[in-house]
2 protein chains.
Amino acid sequence: MATSTPPVPVKGARARAHAEVRAAILTTASAHVAADGAAALSLRAVARDLDMVSSALYRYFAGRDELLTALIIDAYDSLGAHAEAAVDATVDDAPAARWVDAAMAIRSWAIGRPHEYALLYGTPVPGYAAPDDTVAPGTRVSRALIRIVRDAARDGRLDDPASTTTVSAPTSESFVLLRTEIDLPTVSDATILAILLAWTQLFGLLTFELFGQTRNFVHDDERLFRDATATMARHLGLGDH
Amino acid sequence: MATSTPPVPVKGARARAHAEVRAAILTTASAHVAADGAAALSLRAVARDLDMVSSALYRYFAGRDELLTALIIDAYDSLGAHAEAAVDATVDDAPAARWVDAAMAIRSWAIGRPHEYALLYGTPVPGYAAPDDTVAPGTRVSRALIRIVRDAARDGRLDDPASTTTVSAPTSESFVLLRTEIDLPTVSDATILAILLAWTQLFGLLTFELFGQTRNFVHDDERLFRDATATMARHLGLGDH
DNA sequence: GAATGTCAAGAGCAGTGCTCACGTTTTGGA
DNA sequence: TCCAAAACGTGAGCACTGCTCTTGACATTC
């Protein structure tokens, strides 16, 4: 029985003021998440910081979940821009090196904002599945990573990892749509699967590091992350030069 | 300033009754987590179900966090036993097939208990780092998976994936301790890294599936998971027969 | 029998998300 | 220019939460 999103003025000074207050709410809410994590985010505390009364917030967000969803979208955008910058900055490098650099950029973003990372890749706060609105903004990071593969394919620096991958018929079927959506029309099933593997491996390792699953036996997390992503780049068939 | 764990009687009928009540609390708390997730776990609701008053629970657990930690440990044990059973049941199969079967067993456990899985591998609830007590029980699953590699090595059915892995000197250094701890003394750096990769890949993909990160472009999650883990088994060097 | 340990009860504190009725202010059209 | 509608902030209030503390009833042990 979620209350629907509150009405928002569309023109004039009212609209401008509304947008400003909304932005201010997001800013201080984001600061609270960065400091104490999403679980500890309190609407009343945010309202206090802004010298409002808690009920006033409901003119801007339907509730806590909607506020969190907005924060998730902003965080995805921040991470996406970060990843894109890394991919852009390395256009002239070898595909494998680009992959590692992009992965390291994603990692450094996450290390600096563990709570925001948890907001994106940890347990989804409302229920246990992420709200639909957050899926699309989340693809920005993936698209940046995939651009590395696309550039490599264009330049003939992408090997087909067919010899070491197993793709069943139904999986191959489901790759048909995915292949066009990520704009890699000529690439093999093995490459698609390798991309998925590299993607899940990257975030899997990062999540384990940040959530403490690797402590007690990994000492130099950054080094391991670099080696791991370099290995995944080779599995992906990305060229070294 | 966390209140320390409450005193517990050590002998006699008193101790028995105490243990029973404690178990009952864990059982109904676990049911609540399974139904609504860890975030929604309420001490008062648990107390109501047991016809107690909420303050009575503090004789058995120092607070909500300690209750959750106990639940985490139990869940790790459940998952660990599940994985071990799968590994035991396939001793005569090919190493690669065993790996896939164990992974599928882990997945089916998770699919059936999404909230428990989130409790283990999602955002750590107190703060953003898991309490230390939960690390050791968490290794049970990993040890089960590693046994597959060890058996394969013993039987000469483990290839060295050196040709496709990159292990830097510092990472190699940190593998020295790890190698003896997982009782794979003769195995190469490349194999150790491949194990880590397979491990993070397995849980990375599973987490993405459960938290909704793969929806909209993966249709047959089970099939993909099977293909992905089979591929990782090959990267690991596990034999097919 | 007295002292000690164990336990549940209940009141209470400080906090939460959220709703609602109520005034005030601003806005845009008649 | 006037007026109704829209937007907004206020404060009270509801139903919760985790947690603390005091009190009184037992049981076990000395």
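As a basis for the values below, the full set of heavy atoms in this structure was taken, side chains included, without hydrogen atoms, waters or symmetry mates. Residue numbers begin at 1 in each chain, while the letters A, B, ... track the order of the sequences.
Atom OH in A:Tyr60 sits roughly 18 Å away from atom C1' in C:dC18 (whole-Å rounding). In this structure, B:Asp65 atom CG and D:dC19 atom C1' are separated by 12 Å, rounded to whole Å. Here the C1' atom of nucleotide D:dT17 and the CG atom of A:Leu43 are 15 Å apart, to the nearest Å. Following rounding to the nearest Å, A:Met52 (CE) and D:dA7 (P) show an atom-to-atom distance of 17 Å. For the pair B:Glu20 CD and C:dC7 C1', the interatomic distance rounds to 15 Å; values are reported in whole Å. Summarising the geometry, the separation between CZ on A:Arg44 and P on D:dA12 is reported as 12 Å, rounded to the nearest angstrom. At whole-Å resolution of the value, CG in A:Leu57 and P in C:dC18 are 10 Å apart. When the C1' atom of C:dC7 is taken as reference, atom CD1 of B:Ile25 falls 12 Å away, rounded to whole Å.
Two rings, from A:Tyr117 and A:Trp109, have their centers 6.0 Å or more apart.
Judged by distance alone, the side chain of A:Thr123 and the main-chain N or O of B:Thr123 form a donor-acceptor pair under 3.5 Å.
Residue B:His18 places at least one side-chain N or O under 4.0 Å from the OP1 or OP2 atom of C:dC7. At the phosphate of D:dG11, neither OP1 nor OP2 sits under 4.0 Å from any side-chain N or O atom of A:Tyr58.
Judged by closest nucleotide on DNA chain D, B:Ala45 is the one of B:Ser55 and B:Ala45 placed further toward the 5' end. Toward the 5′ end of DNA chain C lies the nearest nucleotide of B:Val21, the other residue of the pair A:Leu41 and B:Val21 mapping further downstream.
Out of D:dT20, C:dA9, C:dG12, the shortest distance to the side chain of B:Val53 is found at C:dA9. Comparing D:dT17, D:dG18, C:dC7 by their nearest atom to the side chain of B:Arg48 picks out D:dT17. Here C:dC7 is the nucleotide among D:dT20, D:dG11, C:dC7 with the atom lying nearest to any side-chain atom of B:Arg59. When each of D:dC19, C:dC18, C:dT16 is scored by its nearest atom to the side-chain atoms of B:Ser54, the top-ranked nucleotide is D:dC19. Nearest nucleotide to the side chain of A:Ser42, out of C:dG17, D:dT17, D:dT10: C:dG17.
Among the atoms of the strands shown, none is found under 4.0 Å from any heavy atom of A:Leu50. Within 4.0 Å of A:Phe61, counting heavy atoms only, lies no atom of the nucleic acid at all.
No side-chain N or O of A:Trp99 forms a donor-acceptor pair with one of A:Thr229 less than 3.5 Å apart. Looking at B:Asp227 and A:Thr171, their side chains do bring a donor and an acceptor atom within 3.5 Å of each other.
Atom CZ of residue B:Phe225 and atom CG of residue B:Leu205 lie 6.0 Å apart, to the nearest 0.5 angstrom.
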